[in-house]
There are 2 protein chains.
Amino acid sequence: MARSETRAQIVAAADRLIYERGFEHTSFTTIAEAVGLSRGNFYYHFKTKDEILAAVIDSRIETTRGMLRCWEDEAAEPAERIRRFIRIVETNGADIRDFGCPVGTLTAELAKLHHPSRPEAAALFTLFRDWLGTQFTALGHAAEADAMALHVLAFSQGIATLANAFGNEDFVRREVERLEAWLADCTSKSARS
Amino acid sequence: MARSETRAQIVAAADRLIYERGFEHTSFTTIAEAVGLSRGNFYYHFKTKDEILAAVIDSRIETTRGMLRCWEDEAAEPAERIRRFIRIVETNGADIRDFGCPVGTLTAELAKLHHPSRPEAAALFTLFRDWLGTQFTALGHAAEADAMALHVLAFSQGIATLANAFGNEDFVRREVERLEAWLADCTSKSARS
DNA sequence: ATCCATCTAGGATGATCGTCCTACCGGCTT
DNA sequence: AAGCCGGTAGGACGATCATCCTAGATGGAT
């Protein structure tokens, strides 16, 4: 198989495994078995475990960029775009209940490990933060756009954490509605002004 | 030294280490060095690593119970009690910026590990949930008390996660104010009815 | 058919992990 | 003084980890 193909397969498998089991608890052997390759062969594709992590984070950044672009294409209205973001916790409900938010849990783990890739993981948050900020600016809240973006981000993280802890889907819908109500309130204010 | 004393020392050291580095990344050796005991001596006090974790969680539950009782003693007003809870993210600001919320990060890690002590860790959340629910009931919101408790809990978790990711203290204060404003709105509603 | 670059398999290495065992020490009882 | 017992030290154990190396397989170009 071509080098890049195998690499992509490894990254895809590692991505999922790191999400499900955490970075530290994901071993070379586990990834190798998932891809169907021999353990020793990894050195040819990735020299260190940290290199795999970096590739996974890069891949996630690329995927996220694509998702944001997709939301921009599908929805012209900034408020509707933000709603797309808010609803991921429902869309990916099952995964979040089982494994939490991929971004939040990875960032938290890397922080505890003092891992060099921690800033890159946090950059995933920044991606959402900036994109949401752009949408709030478009809604006419330029001055508070970043604060509002962080609010939406934080709220979503909280929902994900508790959904994972309690496994309660009623709660998720309720909090999503609460956040959407807050958003509707924001847009009505911007329409008035 | 008496058995119970050493045990308490081990639990205290393990508690802190598990918070700072995560459960999996905290080894027997690390805890032993922190307490100043020999590695092998642990078997006398704790037969397995999971046993230490269970003891740490029990200790945290007891500490939390004490903190909640303290808030009840210090503040007669339910709204003020809830505000005490909300402000932990500021009180423990430095720790949260470095290591996140002790409850949230531990629960998330144990979920990924499919660890048998996961329910016990989640019970820490339940402790706060029930206590907050009691306060909201006292405020006259019996019907939505649990939902409101979960909302406060989720909000706090979100703040903690992002504070850890971005290390931004302005954000923490802003979101705390937002949550306190929401709470003030709730109490004014209950006063009116 | 030969050759070379690409890719793979599988084992060796040293470190660290949780776990366990046994020899030891010091203070108390008798 | 003798003996016991709660507490300790330190090393051995097998497993697993990330990493590294080397021998072999594959397949297209010559």
Side-chain angles (χ1 to χ4, degrees), chain A residues 1-58 106 109-110 112-118 120-121, chain B residues 1-58 106 109-110 112-118 120-121:
Chain A
M1 200 184 301
R3 178 167 197 156
S4 62
E5 260 180 83
T6 310
R7 242 189 92 100
Q9 271 193 311
I10 292 175
V11 169
D15 190 343
R16 187 67 199 174
L17 284 166
I18 288 175
Y19 176 38
E20 291 184 0
R21 314 155 75 122
F23 170 67
E24 193 164 39
H25 195 244
T26 302
S27 68
F28 269 62
T29 314
T30 316
I31 305 172
E33 279 171 4
V35 188
L37 285 182
S38 78
R39 189 182 55 265
N41 191 15
F42 261 89
Y43 189 69
Y44 180 74
H45 297 281
F46 292 97
K47 274 181 273 296
T48 66
K49 196 183 171 185
D50 292 352
E51 224 171 87
I52 300 183
L53 176 64
V56 166
I57 293 176
D58 283 347
L106 181 63
E109 185 183 0
L110 297 186
K112 284 186 199 276
L113 297 176
H114 299 288
H115 195 281
S117 284
R118 175 192 186 344
E120 279 79 33
Chain B
M1 202 185 299
R3 178 166 199 161
S4 62
E5 259 180 83
T6 311
R7 244 189 91 101
Q9 272 192 310
I10 293 174
V11 170
D15 190 343
R16 187 68 200 176
L17 284 167
I18 288 174
Y19 176 38
E20 291 184 1
R21 315 156 76 123
F23 170 66
E24 194 163 38
H25 194 245
T26 303
S27 69
F28 269 61
T29 313
T30 317
I31 305 172
E33 279 171 4
V35 188
L37 285 182
S38 78
R39 192 181 51 265
N41 191 15
F42 261 88
Y43 188 69
Y44 180 74
H45 296 282
F46 292 99
K47 275 181 273 296
T48 66
K49 195 183 173 187
D50 292 353
E51 224 172 87
I52 300 183
L53 176 64
V56 166
I57 293 176
D58 282 349
L106 180 64
E109 184 183 1
L110 297 187
K112 284 186 199 276
L113 298 176
H114 299 289
H115 195 283
S117 283
R118 182 216 243 264
E120 278 80 35

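Proteins get letters first, then strands, A, B, ... in listed order; numbering begins at 1 in each.
Checking each of B/Thr29, B/Thr30, B/Ile31 against B/Glu33 for a side-chain contact (heavy atoms from CB on, under 4.5 Å) leaves exactly one that passes, namely B/Thr29.
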Anything under 3.5 Å between a protein N or O and an N or O of nucleotides 11-16 of chain D, put it in a table, one pair a line.
from   : atom 1 : to      : atom 2 : distance (Å)
D/dG11 : N7     : B/Arg39 : NH2    : 3.1

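Ranking D/dT19, D/dG7, D/dG10 by closeness to the A/Lys49 side chain, first place goes to D/dT19. Distances from the side chain of B/Tyr44 to the nucleotides D/dG7, D/dC20, C/dT8 place D/dG7 closest. When each of D/dT19, D/dT8, D/dC17 is scored by its nearest atom to the side-chain atoms of B/Thr6, the top-ranked nucleotide is D/dT8. Here D/dT19 is the nucleotide among D/dT19, D/dC17, C/dC17 with the atom lying nearest to any side-chain atom of A/Phe28.
Straight-line distance from the CZ atom of B/Arg7 to the P atom of D/dG6: 16 Å, rounded to whole Å. A straight line from NE2 of A/His45 to P of C/dC7 spans 7 Å, rounded to a whole angstrom. Taking atom CZ on B/Arg3 and atom P on D/dC5, their separation rounds to 15 Å, with Å as the unit. Going from atom NE2 of A/His25 over to atom P of C/dC17 covers 15 Å, rounded to whole Å. Between A/Tyr43 atom OH and D/dA18 atom P there is a gap of 15 Å when expressed in whole angstrom units. What separates CD of B/Glu24 from P of D/dC17 is a distance of 10 Å, to the nearest Å. B/Phe46 places its CZ atom 13 Å from the P atom of C/dT19, with the value rounded to the nearest Å. The distance from atom CD1 of A/Ile52 to atom C1' of D/dC17 is 13 Å, rounded to the nearest whole Å.
Geometrically, A/Lys49 engages A/Phe23 in a cation-pi contact defined by less than 6.0 Å to the ring centre and at most 45° from the axis. Annotation: cation-pi pair A/Arg7/A/Tyr44 absent, no NZ/CZ under 6.0 Å from the ring centroid and within 45° of its normal.
Side-chain contact between B/Leu113 and A/His25: present, with at least one pair of heavy atoms (C-beta onward) separated by less than 4.5 Å. Using a 4.5 Å cut-off on side-chain heavy atoms (C-beta onward), A/Lys47 and A/Phe42 make no contact.
Atom-to-atom distance recorded for A/Asp15:CG and A/Leu106:CG is 9.5 Å, nearest 0.5 angstrom.
Among the protein residues, B/Thr30 comes within range of no part of the nucleic acid, since none of its heavy atoms lies under 4.0 Å from any strand.
Under a 3.5 Å cut-off, the side chain of B/Glu24 and the backbone N or O of A/Glu24 do not form any donor-acceptor pair.
Taking only side-chain nitrogens and oxygens, B/Thr48 never comes nearer than 4.0 Å to OP1 or OP2 of C/dG18.
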